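Heads up: the structure comes next, in structure tokens.
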Number of protein chains: 2
Amino acid sequence: MNSSPFSTKERILGAAESLFATHGFAGASLRQVTAAAKVNLAAVNYHFGSKDKLIEEVFRRRLDELNTRRLGALGRLAQKPDTTLEAVLEAYIGPALDLSRTGGGGAAFVRVLARAYAEHNETLRKFLSENYGHVLRQFAAEFQRLLPSLSKEELYWRLDIVTGALTYAMADFGIIQRKNEVAEQAHREQAADHLVHFAAAGLRAPSPHPAPRG
Amino acid sequence: MNSSPFSTKERILGAAESLFATHGFAGASLRQVTAAAKVNLAAVNYHFGSKDKLIEEVFRRRLDELNTRRLGALGRLAQKPDTTLEAVLEAYIGPALDLSRTGGGGAAFVRVLARAYAEHNETLRKFLSENYGHVLRQFAAEFQRLLPSLSKEELYWRLDIVTGALTYAMADFGIIQRKNEVAEQAHREQAADHLVHFAAAGLRAPSPHPAPRG
DNA sequence: GTCTATATTTGGATAGAC
DNA sequence: GTCTATCCAAATATAGAC
């Protein structure tokens, strides 16, 4: 049963990604995964050892590339002295958007990532923090350079808000119904454009300087 | 085993809320729920009929009140002609914050709500849309009045972003480590303040007027 | 590496005594 | 309304043939 151009391992990863996105980590069973991947049930334990290890691999496969691309985009920008806030936001948001365009299953992975935030699982949090913390700090430094009037604390609060909005938008969780005539991909690009625009304005808001009143 | 001041039904709802917040709907078992509630396993099926009905009740209990309070706050504002954008945002965000302060389990519920967005479960989506859609439309009308230069579509995109950021912030998903000396509650209030400030700036951003280039 | 078959655990739901 | 005991389905994981 290996007429597919993808290896058994890759097919499992793809199917798991898709099903975790739809049903969650606990909600998607290995039986569903192996059926969708058209491999035998026992293959998961053979190739990954356990369901938990499989989950980890689903993350690692995409995060490594996403991190690299974000930092690459940031590096190219940081050279230029006339970098705009929008450009840096685009460097952060763009690779996530590109990923969500990947035919394979990137769109599903973005939803999996959003789920990961919802899981308060400390192990997963630590894993993500170790990956994203690094990237976020580099972006924060660049944002700080462009927004010198913001305190470090104020900046981090705002970046956290941006991350939340990005997660939500990329995962297509919106309450508001998307018009049917707008295709999936066009919808994502619109979402990214609106997000960059909105986030830039939010980041540029004057610091509230919370002085004691009276 | 009913020495508690809360009824069996209420104890089950509270325990379910807390465990769903931590482990998700599929991840939390009825055995865990009934053990935490210190009631018998069979009590869930007796009082609610099934796990799915229990989940629905967890939502209904809080959403009814949250909706009512948001609309009440909005109604009081809408009377005045000099309402600010920040005040309307506060009317939307404040009740969610208050809920998250409820000693009982409101904080847990806010996380459950965030999970509900991550679940692409159509049944749940419809249920929430029927409740929140109504509230959101009323708020949208008020925002539209305060931001007449935004097209309806532009406004909805932005409100969707605000909802995402709110969901994320209230559920305390932030990557950035909170300082330990800052108490849980103070953290939430700070989050709400930052969110209102950020969102107001984002909503006020000039419309991009996406004219065809060239 | 892949398969069948199966061991083992866990979960949702219910029957029936009290 | 509450409890014990139990049924049944589904899940993870593994053993062992090929």
Side-chain angles (χ1 to χ4, degrees), chain A residues 1-61 112 115-116 119-121 123-124 127, chain B residues 1-61 112 115-116 119-121 123-124 127:
Chain A
M1 190 70 80
N2 218 340
S3 60
S4 163
F6 297 102
S7 71
T8 294
K9 221 172 158 177
E10 281 169 333
R11 290 221 305 286
I12 292 173
L13 283 170
E17 183 171 68
S18 169
L19 285 162
F20 288 156
T22 310
H23 301 113
F25 303 112
S29 73
L30 293 185
R31 285 179 152 77
Q32 287 176 285
V33 169
T34 51
K38 294 185 178 169
V39 302
N40 193 272
L41 172 60
V44 167
N45 278 281
Y46 176 79
H47 286 284
F48 300 96
S50 69
K51 185 178 184 178
D52 282 345
K53 297 279 177 143
L54 170 61
I55 293 174
E56 253 192 62
E57 273 307 302
V58 166
F59 280 102
R60 199 184 310 278
R61 179 173 68 144
V112 173
R115 260 179 197 282
E119 304 280 339
H120 259 200
N121 184 317
T123 311
L124 208 51
F127 175 80
Chain B
M1 191 71 78
N2 218 338
S3 60
S4 162
F6 297 101
S7 71
T8 294
K9 221 172 159 176
E10 281 168 334
R11 291 220 305 286
I12 292 174
L13 284 170
E17 184 170 68
S18 168
L19 285 163
F20 288 155
T22 310
H23 301 112
F25 303 112
S29 72
L30 292 185
R31 285 177 155 82
Q32 286 176 287
V33 169
T34 52
K38 294 186 178 168
V39 303
N40 192 272
L41 172 60
V44 167
N45 278 281
Y46 177 78
H47 285 285
F48 300 96
S50 71
K51 186 178 184 179
D52 281 346
K53 297 281 178 143
L54 169 61
I55 293 173
E56 254 191 61
E57 273 307 303
V58 166
F59 280 101
R60 198 185 311 277
R61 180 173 67 147
V112 173
R115 258 179 198 284
E119 305 280 340
H120 259 199
N121 185 317
T123 310
L124 209 50
F127 176 80

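Below, read A as the first sequence line, B as the second, and so on, with proteins coming before strands; counting in each chain starts at 1. All of these numbers come straight from a predicted model, not from anything done at the bench.
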Within this structure, what is the [atom1]-[atom2] distance for the pair [X] and [Y], rounded to the nearest 0.5 Å?
| X | Y | atom1 | atom2 | result |
| --- | --- | --- | --- | --- |
| Arg115(A) | Phe20(A) | CZ | CZ | 10.5 Å |
| Asp52(A) | Phe25(A) | CG | CZ | 10.5 Å |
| Thr8(B) | Tyr46(B) | OG1 | OH | 10.0 Å |

Quiz item: Which residues satisfy the side chain to side chain contact (heavy atoms under 4.5 Å, CB included) test with Arg61(B), sequence neighbours excluded?
Solution: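 In terms of side chain to side chain contact (heavy atoms under 4.5 Å, CB included), with neighbours along the sequence ignored, Arg61(B) is linked to Leu13(B), Glu17(B).
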Practice problem: Applying side chain to side chain contact (heavy atoms under 4.5 Å, CB included), name anything that partners Glu10(B), two or more places apart in sequence or on another chain. | Solution: Phe6(B), Ser7(B)
Self-check item: Ion pair Glu57(B)/Arg60(B), N-O distance below 4.0 Å
Solution: yes
Integer-rounded Å distance: [N] [atom2] and [X] [atom1]:
| X | N | atom1 | atom2 | answer |
| --- | --- | --- | --- | --- |
| Leu54(A) | dA11(D) | CG | P | 15 Å |
| Lys9(A) | dG1(C) | NZ | P | 8 Å |
| His47(A) | dC3(C) | NE2 | P | 9 Å |
| Lys38(A) | dT2(C) | NZ | P | 16 Å |
| Phe48(A) | dT14(D) | CZ | P | 15 Å |

Self-check item: Nucleotide-resolved protein contact map, nucleotides 12-18 of chain C, B/S/- at heavy-atom distance under 4.0 Å
Solution: BBB----
Practice problem: Would you indicate, yes or no, if dG1(C) has its OP1 or OP2 atom less than 4.0 angstrom from a side-chain nitrogen or oxygen of Thr8(A)? | Solution: no
